There are 2 protein chains.
Amino acid sequence: METENISSICKALGDPNRLKIVQMLSGCEKCACVILRAFDITQPTLSHHMKILCGSGLVNVRKDGKWSYYSLNCETLRDFQEFIGALDCEKNTGCADGKCDCR
Amino acid sequence: METENISSICKALGDPNRLKIVQMLSGCEKCACVILRAFDITQPTLSHHMKILCGSGLVNVRKDGKWSYYSLNCETLRDFQEFIGALDCEKNTGCADGKCDCR
DNA sequence: TCATTGCATAGATATCTGTCAATATATTTC
DNA sequence: GAAATATATTGACAGATATCTATGCAATGA
């Protein structure tokens with residue numbers, strides 16, 4: 001996955017409300033009306049946040065009648081998890097022969 | 001780790017330049033001057049980005065003479081990786097007995 | 001068909017953010 | 001001490017963002 005896409009996902013999760021929404025969607029598809037009740041924001045604001053989350057690719061929407069059901073996108077989430085999981089906090093493993101001349 | 005902290009890290013990584021900086025620091029401590037050369041931004045702008053990255057807790061700074069060496073903070077990174085890794089894209093595992101009434 | 005409901009869009013606005021030039025500070029070197 | 005170097009801070013500004021109210025639209029139900 002491109003750096004730009006990862007950055008876009010991070011940006012989406014950079015808003016506390018959106019991060020909490022993603023937490024709500026972890027392991028559970030939910031309709032907008034249920035999500036809305038969990039937050040102290042207006043319905044248009046939620047709609048705005050969901051649009052950004054969907055735009056990042058991290059969230060899917062499924063329309064059923066007048067309801068919109070949101071869930072996490074497996075492929076995007078896995079790519080994102082892989083990217084974050086690959087980050088290494090060691091200070092010189094990224095350098096050949098343990099000699100870190102990349103400073 | 002608190003949701004606010006995770007959100008703060010995501011916000012920091014939401015800027016493409018900052019995400020690339022973190023990628024550069026993965027497995028390798030680097031001084032600001034080296035990072036600067038890799039980007040098409042001015043020195044004050046880099047300083048600003050590094051301050052935000054450090055503020056999120058994801059990046060450490062070590063001063064040595066007139067140089068500043070940056071690296072990823074192991075504890076924060078692990079907490080962040082754990083949080084992201086725990087996200088689940090299944091649609092009803094978060095509900096008791098497989099009955100997802102949380103919609 | 002008409003009212004209700006769930007959600008999206010449009011427009012407005014206050015705040016936040018990324019960037020730069022100018023400047024300051026601290027360290028090293030001559 | 002003066003010059004050079006590495007980094008931080010300040011102030012300004014254009015553009016982005018989160019939020020709201022008002023409104024639109026499609027689906028449902030009486």
Side-chain angles (χ1 to χ4, degrees), chain A residues 3-25 28-71 101-103, chain B residues 3-25 28-71 101-103:
Chain A
T3 309
E4 286 292 332
N5 298 17
I6 300 289
S7 182
S8 163
I9 293 170
C10 287
K11 198 170 193 174
L13 299 180
D15 179 86
N17 281 336
R18 288 197 292 262
L19 181 63
K20 284 172 197 154
I21 290 169
V22 166
Q23 262 192 307
M24 284 185 69
L25 296 181
C28 198
E29 180 183 59
K30 277 180 182 159
C31 93
C33 54
V34 167
I35 301 173
L36 181 60
R37 271 182 241 126
F39 294 89
D40 194 25
I41 57 177
T42 63
Q43 176 270 318
T45 297
L46 177 65
S47 189
H48 164 74
H49 285 316
M50 298 317 296
K51 193 172 184 179
I52 288 175
L53 284 170
C54 290
S56 79
L58 192 60
V59 169
N60 284 332
V61 61
R62 177 176 66 87
K63 307 268 185 177
D64 184 7
K66 56 181 175 176
W67 291 276
S68 290
Y69 291 101
Y70 293 97
S71 59
D101 62 349
C102 51
R103 290 177 182 174
Chain B
T3 309
E4 286 293 332
N5 298 20
I6 299 288
S7 183
S8 165
I9 293 170
C10 288
K11 199 171 192 175
L13 299 180
D15 179 83
N17 282 335
R18 287 197 293 262
L19 181 63
K20 285 172 196 155
I21 291 169
V22 166
Q23 260 192 308
M24 285 186 66
L25 297 180
C28 197
E29 180 183 59
K30 277 181 183 158
C31 94
C33 54
V34 167
I35 301 172
L36 181 59
R37 271 182 241 125
F39 293 90
D40 193 26
I41 56 176
T42 63
Q43 177 270 320
T45 298
L46 176 65
S47 188
H48 165 73
H49 286 317
M50 298 318 295
K51 193 172 185 180
I52 289 176
L53 284 170
C54 290
S56 79
L58 191 60
V59 169
N60 284 333
V61 61
R62 176 176 68 85
K63 306 269 185 177
D64 184 6
K66 55 182 176 176
W67 291 277
S68 289
Y69 291 101
Y70 293 97
S71 59
D101 62 348
C102 49
R103 293 177 182 174

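Just so we're on the same page: letters track the sequence lines, and every chain starts at 1. Please read all numbers here as calculations on a predicted model, not as lab measurements.
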In whole Å, what is the span from the [atom1] atom of [X] to the [atom2] atom of [N]?
X	N	atom1	atom2	result
B/D64	C/dT28	CG	P	8 Å
B/D40	C/dC20	CG	P	8 Å
A/I52	D/dA18	CD1	C1'	8 Å
A/K51	C/dT9	NZ	C1'	7 Å
B/I41	D/dA8	CD1	P	12 Å
B/D15	D/dA16	CG	C1'	12 Å

Which of these nucleotides, [options], is closest to any side-chain atom of [X]?
X	options	value
A/W67	C/dC7, D/dA18, D/dA8	C/dC7
B/K66	C/dG6, C/dT28, D/dT21	C/dT28
A/C33	C/dC7, C/dG18, D/dT7	C/dC7
B/P44	C/dT9, D/dT9, C/dT19	D/dT9

Mind checking the CG-CD1 spacing from A/D15 to A/I21? Nearest 0.5 Å is all I need.
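Those atoms lie 8.0 Å apart.
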What's [X] touching, base or sugar-phosphate or nothing? Going by heavy atoms closer than 4.0 Å.
X	answer
A/T45	base
A/H49	sugar-phosphate
B/Y70	sugar-phosphate

Assuming nearest nucleotide by heavy-atom distance, tell me which of A/K11 and B/A32 is located more 5' along DNA chain D.
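Result: B/A32.
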Evaluate whether atom CG of A/D40 has more than 12 neighbouring non-hydrogen atoms of other residues, nucleotides or ligands under 6.0 angstrom away.
no
